[in-house]
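All values below were derived from every heavy atom in this structure, side-chain atoms included, with hydrogens, water molecules and symmetry-related copies excluded. A, B, ... follow the sequence lines: proteins, then strands. Residue 1 opens every chain.
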Amino acid sequence: QSIDFWTLFTGPDGEAISDMVAEFNESAGADADVEVNLLVIPWDDFNTKLSVSMASGQAPALTIVNSDRVPIYANQGALEAFTAEELETAGINKDDYIAASWDAGMFEGEQYGVPLGMFPRHIYYNKALFEQAGLDPESPPTTGEEVLAAAEAIEALGDDVHGMIFAKSGSGAFRDFYSRYWQYNPDLYNEDMTDVSDGFEEAATNVLNDIQAMIDADVSPENEVDDPGQLFAQNKVGIVFSQITDLNLYKAAAENQGVEYGVAPFPVYGNEPATFAMAHEFLIPRGASAEDRAAALTFIEWVGARGFEWAMTGKVPSQLAVFEEERFQAEEDLVTIADIRDTIHFPPSIVAQPDVDRVVREAMEAFYAGRADVDQTVQNLVRGIASEL
Amino acid sequence: MRRKQTLRWTALLVISLLWILPVASLILFSFAPPAEVLSGGIIPSDWTFGNYEKVVTDAGRGVSIPQAMWNSTVIMLVQVIGVLLLDVPAAYAFARLRFWGRDLFFFATLLTLMMPGILEIISLYEMMSGMGLVDTRMGVILPGLARVIGIFILRQFFRQVPKELEEAARMDGATNFQVFLRIMVPLAAPAITTVAIITALYSWNNFLWPLVITNTPGSMTVPVAVSYLSADTSAVLNYTVILAAAFFTSLPMIILFLFGQRWIVQGMRPTSGIK
Amino acid sequence: MPAVPTWIRRCRTSFAASPANSKTSHIADRQAPTARGLSPLDPKAAGEMKNNRLFPYLMVAPYLLTFGVFLGYPILRAVWISLFDWGIFGPNEFVGLANYIDLFTDDRFWASFFITGTFALMYVPMVMILSVVIAVLLHRALPGISIFRTVIFFPLVVNVAVAAIAFNWLFQPEVGTINAVLDALGLPGQEWLSRPGWALFTVSLVTLWINLGFMVIILLAGLENIPDDLYEAARLDGSNAFQDLIYITIPLLLPIMLIVMVLSIVHAFQVFGEVLIMTNGGPFGSTTVLTMLLYEEGFRDFALGRAAAIGVIITIIIAALSFIQFRVFRQR
Amino acid sequence: MAELELENVGKSFGAVEVIRNFNLSVEEGEFVVFVGPSGCGKSTLLRMIAGLEDITSGELRIGGRKCNNVEPRERGTAMVFQSYALYPHMTVAGNMGFGLKLSRTPKAEIRERVERVAKVLQMEHLLDRKPSELSGGQRQRVAIGRAIIRQPRVFLFDEPLSNLDAALRVDMRMELSKLHAELGATMIYVTHDQVEAMTMADKIVVLKDGEVQQVGSPLELYGNPANLFVAGFIGSPKMNFFDATVSSGRDGLDSPDLKAGPAIEAQLPPPGTEITVGIRPQAFALAEPGTEMLTGEVSLVERLGDQTITELHTPGGKRLMTVLPPEAPVAMGDRVGLTFDPSKVLLFDANGRRLA
Amino acid sequence: MAELELENVGKSFGAVEVIRNFNLSVEEGEFVVFVGPSGCGKSTLLRMIAGLEDITSGELRIGGRKCNNVEPRERGTAMVFQSYALYPHMTVAGNMGFGLKLSRTPKAEIRERVERVAKVLQMEHLLDRKPSELSGGQRQRVAIGRAIIRQPRVFLFDEPLSNLDAALRVDMRMELSKLHAELGATMIYVTHDQVEAMTMADKIVVLKDGEVQQVGSPLELYGNPANLFVAGFIGSPKMNFFDATVSSGRDGLDSPDLKAGPAIEAQLPPPGTEITVGIRPQAFALAEPGTEMLTGEVSLVERLGDQTITELHTPGGKRLMTVLPPEAPVAMGDRVGLTFDPSKVLLFDANGRRLA
Ligand SMILES: Nc1ncnc2c1ncn2[C@@H]1O[C@H](COP(=O)(O)OP(=O)(O)OP(=O)(O)O)[C@@H](O)[C@H]1O
Ligand SMILES: Nc1ncnc2c1ncn2[C@@H]1O[C@H](COP(=O)(O)OP(=O)(O)OP(=O)(O)O)[C@@H](O)[C@H]1O
Ligand SMILES: [Mg+2]
Ligand SMILES: [Mg+2]
């Protein structure tokens, strides 16, 4: 049985997945008479290609997407849900996975996705600069205030050194908003998902005030920075708000340029720690035959058992078993981030979520660009989100 | 006269320098080790052929640049020939012949030029999969034959050929088709070359459609292969390889252009036989 | 036949009969009168006439057929789709013009619309002026001209994605080559892609860089059609290089400039790859052109009906602008 | 049956009517010359006959068959364009051989015929040049060559010799006449050269503003012009015209300049009629003192070697052209007396129609 | 100081040498006419003077200043192109007014001057037409108008009247002469029309194959040609030439046709020299029986109204052209005897150089 498998993984992810596919085809695949044909499609073009092929009923038997896409594909009827028997036959067990990531593959009560790994938001910090600024490189800031204080100290080091960088546009803008929001209030929406939750305005106001304080402190570049990793690699920035998928960039910078970086969980601003995350989910598009599905599941199960290799590409594993592995425990960075697995929040698995994300992104961009103040931004959020729901 | 030449030369030099700057760094850094990118600057401080080696040999996950170049060459040749065969007669008819619906057809044609191409993709894909042409070279080629721009360009040029020449040929006993083939086509040679070059470039660089319709190295075109290559490793660290691939794969087009341009600019002025 | 004085007859025949040149007939063969061209009474003629009326259709048919299948149909279908709530697997519901009405009441659409308009206002004049100037500079022979030409055309052979990636890097404020060069020249560097006011301009520069050679090729072929003796006449009339350009080149190049104008409008309103790769619509949404919106609606949210409606609107805008061009050009 | 017939043919370019109600019948083998002032419609007529220009009204028949809408190719005509219309992308040989090539004449024969024609046109050495590398006269000869290399029923020549030097023009004229005689083809020929018109034509058609003024043999037109226009147009220098009113007084004419004398008197219409008197410059001679029929002050003398063209101003303010013998003793400013042969005088009525 | 001087000027197109070692000096206000066979280099010379064609070798001076590399704009010349070179996108008025517009002449003045010139050219009613809507002659007049509307130092006319009818040509000739007199501008004029050349020129330059044959006033060239070529080229019909060897025998000439008579004998070179004898057609007259100096059989008669051109074939096989009076009693096939005025006979040596 030969199946097509399309992924949007580029960089180290891509290398890892193609190694795994090759290994699978030689070992378990060969045993089970399953051959996986991998096609790694650059993420810019992935949606176009996948959706066009889905629309024409020519989709591959297996694919991987970010978890926020699951409700959309599912709602369009582009996917076929996994049945409990199927999963069981393949040896895939819900309980082996971190619940939040498993649930991200669910839509309207059906299971469409099986998670592969997660990528939460967190911070990278520059140990050398910390040292220069008289901070302890081994105890990174854990709260908003500490971050600010550290950034101020680093900013003072020189004209072209920035205290910190955080995303002011694009996906980072709304992801960081959510991370902070959930620290104040676990619910974005009301019960029946028709409007924002009761506490939304208050929580959002808190978040925006926190951010305003960061802006006012004047410890970050005025404009959007396209590729903070490069500044970081040049020892020109102290703290970067980013996500685990960038880990390899920093590793490379460490190897090539001797940069000493550290990772730390997303700082706490609100009442309790929380951070935004998404997962990669295996999906089976509609139209695959029963044999294809079985073959695909065989592969999913096989990859699931290799969570560690996958995590090494800059992920937090979804499979609980990985955390117990010794080699995982040896990876300091990964452990640091993985420790926050209980505070991870996924965006609600609803169709409108990407639209809401867009509303939040645009509102935040307007806020960062100075086109709206705190109150206006909160109102924009409330109105915008309500209209998308 | 000398002074004017010098002036023109200087102006061209300035523009060329502006134009070549990105190209130059593209080429320079395609010879640099990947890490050079992070340090910036105008000229890399270290040199290597590694990027090109990777481009030529690395068949990362089955994507092969040489194979893609072969595919692209075949596709380009077929498309250029096909487009010329279709467009040149049609453009002549649109420009010079009288027939019912001429302007209607022409403006319909023009309208499609204005439609964002991305909209056609789904219908085309369905069509191609209906014909079983998904992931084949023919699947890449066919939709590229129906391009409007050649019609548009050629029509304008045909309109400029003096009527007297056509009349003289008619007097000489030429049939409609002979007037077209023996008089109009040679006189529009610069325009036809232009369209051929433009079609070739389009064919070589077209991305979206080949991306969607091809899945395997056997049919992948250069841009698709390059984009897969760029998906190979971490974006920044792979920069130089992408640059090398870009430069390497554009070499055939540069050569084609170097030869083709003489044809554009050495045309015969259609008015030179007329008092 | 009216009477012709005999002496004139004789005169005429004597030309031919004069002994000096009657040895051989220089021009025509003796048997000529019998071997003349087709008689108009030839029965074949009637068939030819029919053929003539068919001829234009024979010339356009292959093209129109290809066109109809691979362009006409998909596009008509896109227009059809724009009247539906259309998801990834096809129509859900006929909604008439609702997609359009939705768009017209959507702030995002208008924001995009103005961004695209601004882009066109920057891009089209730059293309028009530069392409004509460069084509004129490149037209006549000059030492090294083919090198200059190749340089201008080089961007055409680099695919858009690679160019955009390369520019992303060149425009980096800190490590990018462009600021490094500006710095070397003593000019201030810019944050090309990260400042809202600049990003759109930067993208338009890159689009210009990529497409200019294309326009120049077309214009060069057009310049080739202008007879030299007009320039000669103009030079005698006292015209300098600039006046040549204004009074001779541009008026006679108008039909070709029309192509360039329409194509640059098309490029401006359909700019996509550059934006997607360089800014992805940012910073702060300042480069979300209409096609970006179309792409998001169509291929991220699968609101294909809405996406098609945007496409139709883009088409109408371009067509309207082009129509105005056609009008203006024709009146001259 | 006439070879070529035009019946009530009219032609308009948009609102501009350039040919009005044109009638002409040309026999097979006839040599017809069109003359007329610049812009009168000669080229347009030729182009209509060739089939290059739509006929707005009327009917064109070739060999008896209506041809208004017949393709040029089917008409069996060859044409020398006034603007040459050479194929810029072909050599001289290519230009001339193109028609033969189209009719699938064997290569060797094409070559041979091209060479023969080139020899006639005195341009054998230019066969490999492109039109842009030729002088004006050379281009014109290529245009001629392209037409005469074929053997059509009807030749159409639009000022084919206008850019050639005198010697060449004489040669070419002779070659064309010879061709005409050999092929027996019908020829229609536009020229501004009186000598050409007079020597080559069987029939001259005089046109003005798109209308036929007179059709006739060269001598008819010279000696017997139908109206003022033809009289003025044919003959060089132009015929002199004197406006006058017929009177019953001295000499029968009321004119400041002219003494009619008995020879004219006989032809005069009733007194009071306004007429125009036409006298050719060649009809004048210097008068013996006392016999003057006209006097004038010499304002211009052109000595051409074989004749002297003299312009005079009469006391009545008229400008008068005369052709006198080469050594005629006239000089600028002289006051001279002239006589003329009364039998050569032509009379026209107020509308320009010929009286006698 | 001469207005225009060309010194040892040469011109080649690639390997083709079209002007060789050309020397000419033109005074200010002079009217110079270039004549020569088609393709001899007249247009090329004009274009070099105008600055449109590079000068391969030699020097061109205008007003004493070396001008080889001066921009056309700065030379102060206006030119009528043989090919017209009208601006296709401008109206007639626009074409004519373009030069003035470039020199920032006020609009009202441009308009006025355009109208004035249009009137001279008899095309006031065509001012709003585009060139493509004009007849050949009308286009040519626009080209003339474009040149004469300005007031340059030097006018260059390349066959400016070739496509005009006789009447218009006479008018235009006169207008150009008037313009010349009024402006005092230098004019260089190419024509194939002998009448034009003879009447308008102060100085005629005869060219052949890119080389000057003779420079002189019209009458000088007619009466006193420097060589065979000039003698043959100037005058129409062409001068008759007889090859002969000087002998000491009867009549001093060894020629099958010619009896020289005493008048020539005096000028003859030593016996044995090969010479060519030239006699203009106009020098012949029908001989009274017994006085014949030549005989021949009439092979062609052209009656032009004011003269009769007759072609004869001599017993020696020569073709002979004569111009006889209008009513000369000659007809095809007649055998006639001719006399000629011995004082009008020209002698040339074997290289074509004039002897006497
Ligand atoms: N581009 C060229 N290449 C080669 N020969 C050329 C070129 N242009 C002109 N000639 C030749 O130069 C010679 C002179 O040309 P020019 O136009 O000066 O002749 P012309 O005296 O004006 O003749 P015409 O009376 O026919 O106009 C001609 O024999 C012509 O064939
Ligand atoms: N396209 C046109 N539109 C309007 N008028 C035109 C057009 N073409 C020609 N004419 C006019 O038609 C008339 C006849 O033109 P035609 O070319 O037949 O003249 P012609 O007798 O050949 O003159 P010439 O001796 O000057 O060549 C002219 O007055 C001309 O202006
Ligand atoms: Mg004409
Ligand atoms: Mg010439």
Side-chain angles (χ1 to χ4, degrees), chain B residues 84 88-89 91-93 95-100 102 154 156-196 260 262-275, chain D residues 43 46-47 49-54 70-92 94-105 129-134 136-137 139-140 142-143 145-147 149-152 154-156 158-159 162-163:
Chain B
L84 290 185
V88 177
Y92 170 65
R96 273 299 167 78
L97 302 177
R98 271 186 255 165
F99 58 95
W100 183 88
R102 180 183 72 172
L154 288 169
Q156 298 294 73
F157 277 92
F158 278 131
R159 281 159 71 103
Q160 292 188 323
V161 175
K163 274 220 163 62
E164 274 112 324
L165 296 178
E166 224 175 321
E167 292 172 351
R170 284 186 200 287
M171 295 305 298
D172 267 343
T175 61
N176 288 321
F177 188 72
Q178 285 169 324
V179 170
F180 165 70
L181 194 68
R182 305 246 189 199
I183 305 296
M184 300 305 274
V185 168
L187 289 178
I192 293 174
T193 314
T194 304
V195 170
R262 274 192 312 174
W263 282 90
I264 304 180
V265 192
Q266 269 191 353
M268 182 50 70
R269 275 189 193 72
T271 47
S272 67
I274 301 216
K275 182 168 173 177
Chain D
S43 301
L46 247 51
R47 291 169 51 80
I49 295 171
L52 299 175
E53 208 81 72
D54 284 343
V70 172
E71 278 284 296
R73 185 163 42 97
E74 312 289 333
R75 298 193 187 196
T77 56
M79 175 156 162
V80 175
F81 287 71
Q82 190 169 12
S83 63
Y84 314 156
L86 304 182
Y87 310 124
H89 57 296
M90 301 181 193
T91 61
V92 169
N95 265 279
M96 299 204 290
F98 184 61
L100 298 179
K101 192 161 152 192
L102 290 181
S103 62
R104 289 184 218 287
T105 312
R129 293 252 185 104
K130 292 269 176 74
S132 60
E133 299 164 345
L134 297 178
R139 289 182 198 181
Q140 192 165 37
V142 177
R146 195 170 57 179
I149 202 167
R150 294 169 52 221
Q151 287 145 10
V154 180
F155 280 104
L156 305 168
D158 200 348
E159 306 188 22
S162 58
N163 286 84

Heavy-atom pair with the smallest gap, counting every atom of B:Leu165 and D:Tyr87: O-CE2, 3.7 Å
Taking all heavy atoms of B:Ala168 and all of D:Ala85, pick out the closest pair and write down the distance. CB-O, 3.7 Å
Heavy-atom cut-off 4.5 Å, strictly under: side chain, backbone, both or neither for D:Ala50 against chain B? both
Heavy-atom proximity to chain B below 4.5 Å, by part of D:Ser103: neither
Within the side chain of B:Arg170, is there an N or O that forms a donor-acceptor pair under 3.5 Å with the backbone of D:Arg73? no
Non-hydrogen atoms of B:Leu187 and D:Pro88 that approach each other most closely: CD2-CG, 3.5 Å
Can you tell me how far apart CG (D:Leu52) and CE (B:Met171) are? Round to the nearest 0.5 Å. 5.5 Å
D:Met79, D:Arg47, D:Glu53 screened by side chain to side chain contact (heavy atoms under 4.5 Å, CB included) with B:Glu167, the one that passes: D:Arg47
Between B:Ala169 and D:Leu102, what is the shortest heavy-atom contact and its length? O-CD1, 4.5 Å
Hey, could you give me each pair passing salt bridge (Lys or Arg N to Asp or Glu O under 4.0 Å) that has a residue in residues 171-183 of chain B? Not counting sequence neighbours. B:Asp172-D:Arg150
Which pair of heavy atoms, one from B:Asn176 and one from D:Glu71, lies closest together, and at what distance? OD1-OE1, 4.1 Å
